[in-house]
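Below: the structure, in structure tokens.
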There are 2 protein chains.
Amino acid sequence: MRELVKSMDVGGNGGHAALVQLQAYLAQMDHTGETRLPAERELCESLGVSRGDLRKALAVLEKDGRIWRHVGKGTFVGSGPIEETIGISEIAGRTNPADVMRARLIIEPEIAREAALHATLSDIAAMRQSLVQTREAATWRQYENVDNLLHRQIAQASRNNVLLGLFDVLNAVRRTVVWGRLRSEGARPPADHHSFADHERIVEAIAERDLGGAAAAMRLHLQQVGRRLIPLHEAAE
Amino acid sequence: MRELVKSMDVGGNGGHAALVQLQAYLAQMDHTGETRLPAERELCESLGVSRGDLRKALAVLEKDGRIWRHVGKGTFVGSGPIEETIGISEIAGRTNPADVMRARLIIEPEIAREAALHATLSDIAAMRQSLVQTREAATWRQYENVDNLLHRQIAQASRNNVLLGLFDVLNAVRRTVVWGRLRSEGARPPADHHSFADHERIVEAIAERDLGGAAAAMRLHLQQVGRRLIPLHEAAE
DNA sequence: TTTTGTAACCAATATGGTATTGGTTAAGCC
DNA sequence: GGCTTAACCAATACCATATTGGTTACAAAA
């Protein structure tokens, strides 16, 4: 312990005393469940050390990974700041439609495979109902809504809320990145639109518990969607 | 159009006029890029209709999916409210360690495959440096920090910010779910810890552009980690 | 001179009061 | 009955203020 302190370049003796007091304070606080410790200005007075020494001790513990600090929030025990929320626009701002499509191509077939393994009968029934609704859609907007629902139902059928959450994130990023890209309003999807057959193949494979078939069908479907999307993207540049 | 209005149960004639005026307003606003429309109290006066009629017309457009509203925020044109942030705790609260592990097994091998395809030389150099640091870690805490860094470097090497973002979400969920589970403090990772060899195989496969090898090595590594984690989980129940 | 303690300041965040907004209800008026 | 208006509610936005970790300057002490 003493060697550690020496090696850490902690100035004089006062710094050492502050570190010992702090470690005692942490040990006492560890079994209370509370993770946030008092403000530096209070703590240094409470421990009877100067704020500079306290900060040196805190820096040691932070480098060791026992605490983490952030301006305006405070000092906390734990390995690091657990991000409580992820900003969709932060992801969407640093990417492009091609990367989104590639991510979908990587994630969604595996989700479909998992769905084929865990889908319940009611899951499958709900998907089949969505299949009918996609064909009945009167406008492109309605079609997109039902299409979104169907893909999410597949993710939900994986019965894995982590996968479902990741799908939701990916979906939100996609809607942010591609927002306002295709504006082919007015018409409705043609009756021979490739997605109809694609969707049916996916749902059928899931219903038959064909893991590889579901993944392959989803991959094929996304590749078809990608082919229709890339030309628009290149034409815009 | 007129039939639509009739079928939508929009009371008397005043409601129809409000709908027409609103549609005109939307069309005029559509090509300005602005998505938020004025507050109801202003808009109803601007259009010269009562607030009740305006709200009926807004309800029709909302049911049609052309606008969406939220208390305190306003009314916006578009299919739906794009979730700007995803709460990690929302996902973590509805799941369990097993699902997190399964999601990692599905996602991370594919990320490793992508990394083998797109990693730059500096990416690989950084990974190798992390490999050394994992062996030098003096405590389990330090080891975990470097291990986290290495896995994130692999995701970063995919050169796909969407995949990187999804990895960050998954990682945050994992750290929330497993928080405080393993408390084997004090010791340091043994020299023959399986992860050392696992990590080296993964990085080597990426460096050699062996797509399948990278994915397989990552899958094997995570399966090993899972085997060490499940017993702890079952023992707790 | 070097080190330590103190105070002051900065940028980021938290906090609380106020204003705004969609949603709802009730009364008055055709 | 329908229609209008007004008032109220809960959720959100907005803004000023307080708090916090991070930094610097300067005097006191060694």
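Here the structure is a predicted model, which means the values were calculated and not measured. A, B, ... follow the sequence lines: proteins, then strands. Residue 1 opens every chain.
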message = B/Ser130 vs B/Gln153, test: side-chain hydrogen bond (donor to acceptor under 3.5 Å, both in side chains). Steps then yes/no.
response = CA-CA 9 Å; B/Ser130 295; B/Gln153 283 171 328; 2.7 Å; yes
task = Could you check whether the rings of A/His199 and A/Tyr143 sit parallel, tilted or perpendicular, using 30° and 60° as the cut-offs?
result =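 Aromatic pair A/His199/A/Tyr143 classed parallel.
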inquiry  = Ring-plane angle category for A/Trp68 and A/Phe76, please: parallel below 30°, perpendicular beyond 60°, tilted otherwise.
reply    =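 Correct class here is parallel.
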From [atom1] of [X] over to [atom2] of [N], roughly how many Å is that when rounded to an integer?
X: A/Arg55; N: D/dT23; atom1: CZ; atom2: P; value: 6 Å
X: B/Ile67; N: C/dG23; atom1: CD1; atom2: C1'; value: 14 Å
X: B/His70; N: D/dC9; atom1: NE2; atom2: P; value: 19 Å
X: A/Trp68; N: C/dA12; atom1: CH2; atom2: C1'; value: 13 Å
X: A/Leu58; N: D/dT23; atom1: CG; atom2: P; value: 13 Å
X: B/Glu40; N: D/dA6; atom1: CD; atom2: P; value: 16 Å

ask   = So does A/Arg41 reach the base of D/dG22 with its side chain, donor to acceptor, closer than 3.5 Å?
value =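 Counting by modelled atom types and ignoring angles, a donor-acceptor contact under 3.5 Å is found here.
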Is there a side-chain polar atom (N or O) of [X] under 4.0 Å from OP1 or OP2 of [N]?
X: A/Ser50; N: C/dT4; answer: no
X: B/Arg69; N: C/dG23; answer: yes
X: B/Lys73; N: C/dT20; answer: no

query = Any side-chain donor-acceptor pair under 3.5 Å between A/His16 and A/Asp53?
reply =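 On atom types as modelled, these side chains do not qualify, holding no pair under 3.5 Å.
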